[in-house]
Amino acid sequence: SGRWARAMAILREFEENCGTPLGKLRQVADAMTVEMHAGLASEGGSKLKMIISYVDNLPTGDEKGLFYALDLGGTNFRVLRVLLGGKEKGVIAQEFDEVSIPPHLMTESSDALFDYIAAALAKFVATEGEGLHSTPGRQRELGFTFSFPVRQTSIASGTLIKWTKGFSIEDTVGQDVVGELTKAMERIGLDMRVSALVNDTIGTLAGGRYYNQDVIAAVILGTGTNAAYVERANAIPKWHGLLPRSGEMVINMEWGNFRSSHLPLTEFDQDLDAESLNPGEQIFEKSISGMYLGEVVRRVLLKMAEEAAFFGDVVPPKLKIPFILRTPNMSAMHHDTSSDLRVVGSTLKDILEIPNTSLKTRKAIIELCDIVATRGARLSAAGIVGILKKLGRDVVRDGEKQKSVIALDGGLFEHYTKFSACMESTLKELLGEEVSENIVVEHSCDGSGIGAALLAASHSQYL
Ligand code: ADP
Ligand code: MG
């Protein structure tokens, strides 16, 4: 019928505009490398902030003692304690707790947010038991994973540049987030020292390196997306401090804010951006990460409903609600292998209140999910190739067999299998067979929390 043809025309046009042929991905990778250089050259020199993390030594395995970590970076935060036993014993034991953040605290006030966090931390500290407790007379120490853009001022301080991922609390911007947390802990009488401030990428890099010395970079694909890697200190023109003894410095790229004219963006991405909490920012993130993929799908479906009566004469009212279709819903539909696509059917019914969809309709929706996920996955792969290029590891030099391991983490990478599989196969496509043999993508399962605790250990006041 005419309606179906019109709906398919919208879908095909969207597909066309989302195209990521290898040539385009190479341009994206090159642009990433160029922006990395620019961001390292001068402050404000690029959309990529290329933040100096002050982490110039990654874990060696010698770390010892009981350390805490706190991971704030999305909808949940985790508190964790780990007992480190040094070279022989490694991680002796760990315990953690996960707490969700009430949505109102994401926009209310800095004090309210940090009071909530400090209270949850205090509650967790109170459960220290027989095996895992701190040494009497010794102050507890914490690695704070705070996964928002921070202008780092030392290993344990940094000011918030801006919120992302749905957080928006004006009075935190420009404040030292360690100060904010410390004040909140003091308000409730929790005696704990923040000895390292990192973000999830740096935590994941540190955690990854602890187990595998070939880890050179970390990428997060979760609610948001970001990457960190190990740079030569003398390749950072904007660094005017002393060169670290290791000769290395971990750089927090804040790659979510990357943008390039080569990115395949559509009208839907433009509208999503314009109506977001942070218009004009985090453009790469908005086409890749878990917070947004489902929302892009919803926007395309809405146009198909409004302009081609894709779901019948009435546009389903729920379809008009921003962010109602979450990425986990999208991935559940995308992974549906039942012959009647019943997961797609039930998702449409339960979430969008669209009953009785035909098999043909369901198939088209899977195609739509595939288009959005494929674009995101292929762009992530191009970003990784950008990092490898910057490090000269995108080629094999005189038969060298140096491995480069990239630690990946985040709910999107972990749970959206079609996304991760596509990302990994695209990486191979881009690098070619020979180079690919030396590049390993490793899932670092919650390396971030352990990593922050490890960095707290290596920056302990008692060393
Ligand atoms: P955060 O990034 O908030 O620190 P995670 O790394 O756990 O936390 O990632 C959570 C995000 O991962 C969710 O916001 C969601 O977008 C995505 N995600 C979680 N589960 C799935 C799933 N089954 N399929 C696709 N995406 C998922
Ligand atoms: Mg996280």
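Scope of the values below: all heavy atoms of this structure, side chains included, with no hydrogens, waters or symmetry mates. Both counts, for ligands and for their atoms, begin at 1 and track the order of listing.
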### Message
Closer than 3.5 angstrom, by distance alone: can the side chain of T33 be matched with the main-chain N or O of G386 as a donor-acceptor pair?
### Response
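Looks like yes, one N/O pair under 3.5 Å.
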
### Message
Check whether R378 reaches the backbone of T20 with its side chain - one donor and one acceptor, N or O, closer than 3.5 Å.
### Response
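Such a contact is found between R378 side chain and T20 backbone.
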
### Results of ring pair (Phe, Tyr, Trp, His ring centres under 6.0 Å) for Y54 - residues two or more places apart only
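Testing Y54 for ring pair (Phe, Tyr, Trp, His ring centres under 6.0 Å), a comparison that skips the adjacent residues, returns W239.
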
### Query
Under the ring pair (Phe, Tyr, Trp, His ring centres under 6.0 Å) test, which residues partner F146, sequence neighbours left out?
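F144, F148, W163.
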
Could you give the side-chain donor-acceptor pairs of residues 412-423 under 3.5 Å, partners two or more places apart or in another chain?
{"from": "Y416", "atom 1": "OH", "to": "H334", "atom 2": "ND1", "distance (Å)": "2.7"}
{"from": "S420", "atom 1": "OG", "to": "F413", "atom 2": "O", "distance (Å)": "2.7"}
{"from": "S420", "atom 1": "OG", "to": "Y416", "atom 2": "O", "distance (Å)": "3.0"}

Tabulation required: pairs of a nitrogen or oxygen in ligand 1 and a protein nitrogen or oxygen under 3.5 Å; columns are atom names and distance to 0.1 Å; otherwise 'none'.
{"from": "ligand 1", "atom 1": "2 (O)", "to": "T223", "atom 2": "N", "distance (Å)": "2.9"}
{"from": "ligand 1", "atom 1": "2 (O)", "to": "T223", "atom 2": "OG1", "distance (Å)": "3.2"}
{"from": "ligand 1", "atom 1": "3 (O)", "to": "T223", "atom 2": "OG1", "distance (Å)": "2.6"}
{"from": "ligand 1", "atom 1": "6 (O)", "to": "G411", "atom 2": "N", "distance (Å)": "2.9"}
{"from": "ligand 1", "atom 1": "9 (O)", "to": "G411", "atom 2": "N", "distance (Å)": "3.2"}
{"from": "ligand 1", "atom 1": "12 (O)", "to": "L412", "atom 2": "N", "distance (Å)": "3.3"}
{"from": "ligand 1", "atom 1": "14 (O)", "to": "T223", "atom 2": "OG1", "distance (Å)": "3.0"}
{"from": "ligand 1", "atom 1": "16 (O)", "to": "G290", "atom 2": "O", "distance (Å)": "3.2"}
{"from": "ligand 1", "atom 1": "24 (N)", "to": "S331", "atom 2": "OG", "distance (Å)": "2.8"}

### Lys/Arg-Asp/Glu bridge criterion (N-O < 4.0 Å) met for E281, K162
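Counted as a salt bridge, because a side-chain N and a carboxylate O are separated by less than 4.0 Å.
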
